[in-house]
There are 2 protein chains.
Amino acid sequence: MTSTVSPQPLPPGEPRWLDVEEQKAWRAWLYSAQLLLDRLDRDLTHRTGISHAYYEILVALSETPERMMRMSELADRCLSSRSRLSHAVSRLEERGWVRRQVCAEDGRGQLAVLTEEGFAALEGAAPVHVEGVRRELFDRLSPEQVAGMRDLGETLLRHLDPQRVHPSD
Amino acid sequence: MTSTVSPQPLPPGEPRWLDVEEQKAWRAWLYSAQLLLDRLDRDLTHRTGISHAYYEILVALSETPERMMRMSELADRCLSSRSRLSHAVSRLEERGWVRRQVCAEDGRGQLAVLTEEGFAALEGAAPVHVEGVRRELFDRLSPEQVAGMRDLGETLLRHLDPQRVHPSD
DNA sequence: GTAGCGTAGTTGAGCGTTGAACTATTCCGC
DNA sequence: GCGGAATAGTTCAACGCTCAACTACGCTAC
């Protein structure tokens, strides 16, 4: 919240307030999302020393053939600003889990490379992460609810970030 | 991520990895949740100067008969730690939107009180907030999807925070 | 009434995020 | 090739959050 408020007024007319049912749906979604993200992050952090954000970076790198990725691409994949990713990679570098390497094709670019130590750290954290997701999410839901969750997520994603949703399936 | 890692091993046995369908459901939910929360927060912050977290505090206070609430209760309602809320209320106090008042019944307690200026700020922000929620969420969803969203949220909430889900409806 | 414990809330240090300013390199039109 | 615009990434300062330490008050039992 560093911004000066610049006047960007709403379209005129009475706001379309939420009715009671919409309020309940919105609040249920909001609270459950915040609580779930928070709990998974704390659980992972306390058990492995790796926050969920850092875990995502390690996963992204590990899934690439050479275990390396351009900084910008990595930032996009991790829903991170470039600044944030740059800081995060610096800290992962201090731990010896990632190293930077100048990009051969583009002198402006940097590659983030997952080290063996980083891969080992990821291998240690992955079971903790997946158990958390099962315990807090999948174990609570019926197959129908899981299908609904996916449908909801993909519907929203088509608007929020069309690139990210695979059109094929 | 300030913690030293204390060994809290998983239950033994092979981790229950996610299959492809579960991966897709999980990633769709995760990305959509993160993007939606982020977008709503940025939109509100840039248009009104009030972050989503601060907005929730103002809303909680405004919904109470006397527009005041105990700090702990407010923290619970806003999914906030006491420390975080204490800092946040201090900053809202600097803006003149909230003031602190010692609690008559319990000398240890403090009441956070919404000022007229705070209420006016909330009135200005509320239309921006509701338009954001409509634009990014409800306008994209069918009635069935909204119902599914509520069901999903309430199911998760029953585990994550049973107090918060109303058993009646 | 006072010792000990529990609860309410605040404070401070350290870390992470943000947004803007900055450097370095590449791309494009001429 | 050369000047200007665009792109890639980093850095800095300000702010917010976390965790642990701390103050202050209330509760209970002796």
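Per chain, numbering begins at 1; letters A, B, ... match sequence-line order.
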Can you give me every donor-acceptor pair (side chain of residues 55-66 of chain A, partner residue at least two apart or in another chain, under 3.5 Å) with its distance?
residue : atom : partner : partner atom : Å
A/Ser62 : OG   : A/Val59 : O            : 2.8
A/Glu63 : OE1  : A/Arg77 : NH2          : 2.5

- Item | Steps toward side-chain hydrogen bond (donor to acceptor under 3.5 Å, both in side chains) verdict (A/Trp97, A/Glu94) | CA-CA 8 Å; A/Trp97 292 353; A/Glu94 286 168 18; over 6 Å; no
- Message: Could you tell me if A/Ser90 and A/Arg100 have a donor-acceptor pair between their side chains, going purely by distance under 3.5 Å?
- Response: yes
- Query: Counting only non-hydrogen atoms, which of residues 98-107 of chain A are less than 4.0 Å from DNA chain C?
  - Reply: A/Asp106, A/Gly107
- Any idea how B/His129 and B/His52 line up, ring-wise: parallel (<30°), tilted (30 to 60°), or perpendicular (>60°)? tilted
- Message: What's the closest nucleotide to the side chain of B/His46 if the choices are C/dG19, C/dT17, D/dC17?
- Response: C/dG19
- Task: From the options D/dA6, D/dT18, C/dA8, select the nucleotide whose nearest atom is closest to the side chain of B/Arg82.
- Result: C/dA8
Can you say whether a donor on the side chain of [X] sits under 3.5 Å from an acceptor on the base of [N], or the other way round?
{"X": "A/Arg84", "N": "C/dT18", "value": "no"}
{"X": "B/Ser83", "N": "C/dT11", "value": "yes"}
{"X": "B/His87", "N": "D/dC15", "value": "no"}

Ion pair present between [X] and [Y], side-chain N to carboxylate O less than 4.0 angstrom?
{"X": "A/Glu22", "Y": "B/Arg150", "result": "no"}
{"X": "A/Arg47", "Y": "A/Asp43", "result": "yes"}
{"X": "A/Asp139", "Y": "B/Arg16", "result": "yes"}

- Under-4.0 Å side-chain N/O to phosphate OP1/OP2 contact, B/Arg91 with D/dC15: no
- Item | Stems formed with participation of DNA chain D [Watson-Crick or G-U wobble, under 3.5 Å, three or more pairs] | C:1-30 with D:1-30
- Taking for each residue the nucleotide of DNA chain D with the nearest heavy atom, is it B/Ala88 or A/Ser86 whose nucleotide lies nearer the 5' end? A/Ser86
- Side-chain heavy atoms of B/Asp38 within contact of B/Arg42, under 4.5 Å: yes
- Counting any heavy atom closer than 4.0 Å, what does A/Arg70 reach on the DNA or RNA strands: base, sugar-phosphate only, or nothing? sugar-phosphate
